[in-house]
Amino acid sequence: MEGECFPEGPDLGDMSEEELWELINDNRHRISLGVRPCILIPYLRQARVLAEMDEDEIISSHNLTNRSMRTSYMLDLLRTQGRNGAVALLESLMIHYPSLYTQVTGRKPSTEPSRFSGLIKYSELTEYLVRAVTGMQKELQEARCEASKKSAHCASLELEVRQIMDLEEKSRGLQTENERMRRHLCSLQRDVTKLKDEKCDVYMRYTAAIEEKSAVNMRLHDLNLQIYQLQTELQKAQMENDFQKKCSLRCASPADTPRLQEEVRSLRCQLVKVEKLDPAREDILAQDLAEAIDSQVELAEQLRCYREENEQLLADKQGLLDQKECLSLQVQQLTLDCKMHQQKSTVIQNQMKELKAERDQAYLSRDEAQAMIARILAEKDTLRCQLVELQEQVFSLQAKRSPRGQRQSCDETEMDWESLRSSCEESLLCPLRTPIRRLLCRMDAINPMSLSSECEDSTASVRSRNPEPPSPESFRRREEALYADSSLDTVDTESLFEDFVFIPDVGSEDKQTPRPFSSKGSSIDGASRTSYPPFLMRSRPKAIRVNGRILSISLQGEALLSQLAVVGGNKTGVFVHQVTEGTPAHTVGISRGAQIVEVRYEQNQKALRMVLEDSTLEEAMWALGQVTGLCHLSLRPRQDDYEALLQQLQSSETISGDSFYVRVNMSLSAGPNGTLAMSCNDILHVTNTRPAGTEDSWRASQVHPCQLLDLQTGNVPNYYRAQRLLIRAIEDMSFQTKKSRKPGRVVDQNKQKAVRIVSTGHHGRNPLWVSVEEENTKSTEPGDTSAPKSCLSLMPYSLVTPIFPPICRPVLLLPTILGHSLNKKLADWQGFQLCEPEVLSASEHAARLQRSEILEESEQGTNCCYTLQSVEKVMKKGIHCVLPLGLDCVRRLHRAQIFPIIIFISLSARSARKLKSKLQRHSQSEERLLACSKSEEPLLDKLPCLYHSVAPDSWSDQASLLTSLRSVIWEEQKKIVWVEHDQW
């Protein structure tokens, strides 16, 4: 520090060895805590007090678990060097730790040459100091730039956090409003319930009134009946009275007349009383009737009012229900937004932590790089010193020797150089004689049904001259030519056949003239035309879609393509576009706009049927060109679809009726005429299989990895030409083993995959070619030109289908040994969870095994296993499920519509050493890890989906590897999953 005075200690040059080491030992604890050995070692190496073995022991020893132990061990090694070790240590402290140097020696640090002991030459010391100062300045500048970037990033993250907090505050307000609306809705529901109760009471009263009305009516009916009875009795009494009166008038004497008259008067009074029977009661009845009528009118009016109120309440209820649904949707949306903001804030915080960890890792990497550079410079200086010493020895020997001795020395020198050169050549050729690591480990072009006889039939595949891979029939066909030709070396044949099937280059011949197979071989084009050609086409079942009536027409199909022209493709269907007048097609009535569904014809005494409903334009034209003689066309009238296709073609909306996606199985550089460059495992969108102006080409576009968008467009080889290029590429890779090349170049050439060998599968039918079926086999002559159904062919393109996973995809890390050690670390991060095994009973285990729900056994001999349900349980949480499984589980997951993210970590011997301590904790070794990586890498090409490969140079330790894996998982989650039809 400026202005601070330090007491000058004794001069180090005057101190003895014991005094120096006593001074160092007094401050040993301080030096052990404050010094990093990797910083001091370069200077100590240059001062020649530490050797390379000492450096490796200090840095890489497993017994030294921390920095203090390494520093103490370095001091012990320097103690064996005596005074030079002590002086070199103090000088290195003066350069790299000036404050510690002052505390130990009591002297100010200085870079003057007089303050150094002379263990290092002046020029070397100056160069070292300049490099050290320059490196420190660069590191300081880089650290400042990094700090400014980090501070800017932190400021942006803080701004985002504030925005997220504002959004969270708004979401809280919305939640409060939602609660208030809920309470209001509850109160309205209670009011509706009260109104319903009142309405029920009104209905009860109305029912009681109707019952009372019915009782009054019954009572009125009874009263009317009584009145009628009384009137009847009254009439009867009157009739009796009249009769008695007549009788009395006839029989009565004059003396009885007054008495009778008196009785008549009394009877008349009684009659009047009877006629005026109970007028009060009649009034009461009339009054009750009037009241009943009034109450009925009032009840009817109330009933009408209640009905109107009921309708109004129902309308209000429906409005409240709609409002409730809207509010519930708003609540769900706000809840999702809140969760999303919370997850975003969590991700930002995790990113800040990761940035801090990356910054610390960058500092550590910088220190390690600095130590490595210093070590390399020290080794370089050592080699230069040795070279100078050797030159001085040579000059001294040249000065001493005589002319005769000079000649002998020259002869001996020549012999030495010749022997040295021969030994170097032998050392270079020795690795080439040893078996080189196999570039291609898949025998995909061999029939899986003949694997049991692979050893006996292996030589038949070497001399193949046919475009299709060998089969038992082709072995019999080529046996004579194989044994006749003995020019091929046996040893080379056996060593090459272990890895590859050789298909030599064959010249192109006329593609339109089919030729039968001969015993000596045939052209690739002729064989392809006579056999079922492997054009690219969507795989589909044999059943035909019947969307309308189908008309079957028979005609003479000689030169059928000259009789009619077709347009369309696999997306729209193949339609008749033009019909030549005067031809058989025109005579039988074939018209424009008819879709060609199926073609039937005979060839080589076989009845063949070709389904063209989903075929491409190239396939349809090839199929129609194969027709000879009588044929049967199945046509479906689709005039509207045909006119729509013509309108799209005229408006340039589409260039053809073809549209499908393929996965490329080979690499091809860009060429003339707009040829599109493509790499192995690229995804192409083929839009035209018969572009105008080009031959043997398709029109295709590269596809965006995250969206179904076409990027760069160009021409690519069609299936025939791509297959020939694939065969030629396999031949070139096979015969490269005979060339002399350096071992280091082999690794560089294998960094990018050149080909991916895929065959049509063990079922014998190419799923990418139009459906061709034999209806009735009439003869099986030896000269039959059709390809045998057990014969397989290489596929330059594989048909794929885009899949858009709706939720987080599971993660599968390979190689398996490394994946088991990284799964738990990855599962500890937010957004990831390790898949846990389930313990099943014996019956449940058997049932799930039959339903293919068991992915893998956790422990052999037990019912503890990983199931589809455990994976789906984790995926429903919206997080990634980490799978501690192998490659065998991929197809089972695909059958359950689960598409995992497959990450393969490429390893080298150097990168495997970085994981040595991690492997030892899991009882594994580097050799087993490399062997597992080499055995699982070829199996990745057999998967029906893409995978991501992590380069060995993209990570330095376990922390950086996990960080890169997490970024890779985020990128893969955004991408489209391309799945091809599994042929295995």
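Since this is a predicted model, take the numbers as computed values, not measurements.
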Could you work out, with salt bridge (Lys or Arg N to Asp or Glu O under 4.0 Å) as the rule, every residue matching Glu936, not counting sequence neighbours?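 With sequence neighbours excluded, Glu936 shows a salt bridge (Lys or Arg N to Asp or Glu O under 4.0 Å) to no residue whatsoever.
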Report the residues that fulfil salt bridge (Lys or Arg N to Asp or Glu O under 4.0 Å) with Arg966, sequence neighbours left out, ordered by chain and then residue number.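 Applying salt bridge (Lys or Arg N to Asp or Glu O under 4.0 Å) to Arg966 gives Glu354.
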[atom1]/[X] to [atom2]/[Y] distance, rounded to the nearest 0.5 angstrom?
X      : Y      : atom1 : atom2 : result
Gln707 : Lys974 : CD    : NZ    : 11.5 Å
Ile348 : Glu160 : CD1   : CD    : 4.5 Å
Leu711 : Leu709 : CG    : CG    : 7.0 Å
Glu972 : Leu946 : CD    : CG    : 8.5 Å
Gln833 : Lys877 : CD    : NZ    : 4.0 Å
Leu965 : Gln958 : CG    : CD    : 10.0 Å

Do [X] side-chain atoms and [Y] backbone N/O form a donor-acceptor pair below 3.5 Å?
X      : Y      : value
His577 : Ala565 : no
Glu856 : Gly886 : yes
Thr346 : Gln342 : yes
Arg721 : Asp696 : yes
Asp710 : Ser701 : no
Gln702 : Thr713 : no

Give a yes or no on whether the ring-centroid distance for Trp698 and Tyr797 is below 6.0 angstrom.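 Judged by ring-centre distance (under 6.0 Å), Trp698 and Tyr797 do meet the cut-off.
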Count the heavy atoms belonging to other residues, nucleotides or ligands that lie under 6.0 Å from [atom1] of [X], then report whether that count exceeds 12.
X      : atom1 : result
Gln647 : CD    : no
Arg699 : CZ    : yes
Glu872 : CD    : yes

Side-chain heavy-atom pair [X], [Y] within 4.5 angstrom cut-off:
X      : Y      : value
Gln595 : Val574 : no
Leu893 : Arg891 : no
Leu822 : Leu961 : yes
Val567 : Leu649 : yes
Ile976 : Ile803 : no
Leu645 : Asp641 : no
Leu907 : Pro815 : yes
Val979 : Val800 : no

Could you go through the side chain to side chain donor-acceptor pair (under 3.5 Å) check for Thr616 and Asn570 one step at a time? CA-CA 4 Å; Thr616 62; Asn570 69 304; over 6 Å; no
Can you tell me if Thr675 and Asn715 form a side-chain donor-acceptor pair at under 3.5 Å?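 No, Asn715 and Thr675 have no side-chain donor paired with an acceptor closer than 3.5 Å.
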Would you say Ser908 and Ser911 are linked by a side-chain donor-acceptor pair, where the criterion is simply a distance under 3.5 Å?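 Yes - a donor-acceptor pair under 3.5 Å links their side chains.
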Under the rule for side chain to side chain contact (heavy atoms under 4.5 Å, CB included), what residues qualify as partners of Asp682, not counting sequence neighbours?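 If we apply the side chain to side chain contact (heavy atoms under 4.5 Å, CB included) test to Asp682, skipping adjacent residues, the hits are Val664, Met678, Ser679.
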If every non-hydrogen atom of [X] is compared with every non-hydrogen atom of [Y], which pair is closest and at what distance?
X      : Y      : answer
Leu612 : Val599 : CD1-CG2, 3.6 Å
Leu943 : Arg663 : O-NH1, 3.7 Å
Pro938 : Lys934 : CD-O, 3.0 Å
Leu868 : Ala896 : CD1-CB, 3.8 Å
Trp978 : Pro802 : CZ3-CB, 3.5 Å
Gln723 : Leu794 : NE2-O, 3.0 Å

Tell me which one of Val811, Leu883, Val977 satisfies side-chain contact (heavy atoms from CB on, under 4.5 Å) with Pro900.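 Result for side-chain contact (heavy atoms from CB on, under 4.5 Å) with Pro900: Leu883.
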Would you check, one step at a time, whether the test side-chain contact (heavy atoms from CB on, under 4.5 Å) holds for Leu885 with Tyr866? CA-CA 8 Å; Leu885 309 174; Tyr866 298 94; 3.4 Å; yes
Please walk me through it: do Glu980 and Arg756 pass salt bridge (Lys or Arg N to Asp or Glu O under 4.0 Å)? CA-CA 14 Å; Glu980 66 183 37; Arg756 172 176 175 261; 3.1 Å; yes
Among pairs that include at least one residue of residues 671-693, which meet ring pair (Phe, Tyr, Trp, His ring centres under 6.0 Å), considering only residues two or more places apart or in two chains?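 Checked against ring pair (Phe, Tyr, Trp, His ring centres under 6.0 Å) - neighbours excluded - the pairs reaching residues 671-693 are Tyr661-His685.
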Does Phe899 have any ring-ring contact (aromatic ring centres under 6.0 Å, His included) partners at least two apart in sequence or in another chain, and if so, which?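 Phe899 satisfies ring-ring contact (aromatic ring centres under 6.0 Å, His included) with His894 once adjacent residues are dropped.
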Report the residues that fulfil ring-ring contact (aromatic ring centres under 6.0 Å, His included) with Trp829, sequence neighbours left out, ordered by chain and then residue number.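 Trp829 satisfies ring-ring contact (aromatic ring centres under 6.0 Å, His included) with no residue once adjacent residues are dropped.
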So Ile901 and Gln973, side-chain contact (heavy atoms from CB on, under 4.5 Å) or not? Walk me through it. CA-CA 8 Å; Ile901 299 173; Gln973 180 64 35; 4.0 Å; yes
Taking NZ, NE, NH1 and NH2 as the nitrogens, is one of them in Arg892 or Glu853 under 4.0 Å from a carboxylate oxygen of the other?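 Salt bridge flag = no for Glu853 with Arg892.
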Taking only Lys NZ, Arg NE, NH1 and NH2, and the carboxylate oxygens of Asp or Glu, determine whether Glu618 and Arg690 approach each other closer than 4.0 Å.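 Salt bridge: no.
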With side chain to side chain donor-acceptor pair (under 3.5 Å) as the test, would you mind laying out the steps for Thr687 and Ser659 before giving the verdict? CA-CA 5 Å; Thr687 55; Ser659 178; over 6 Å; no
Let's go through Val871 and Cys835 carefully: what are the C-alpha distance in whole Å and the side-chain angles of both, what is the deciding distance for side-chain contact (heavy atoms from CB on, under 4.5 Å) to 0.1 Å, and is it a yes or a no? CA-CA 6 Å; Val871 178; Cys835 181; 3.9 Å; yes
Could you walk me through whether Cys706 and Lys975 pass the side-chain contact (heavy atoms from CB on, under 4.5 Å) check? CA-CA 4 Å; Cys706 301; Lys975 294 182 180 179; 4.2 Å; yes
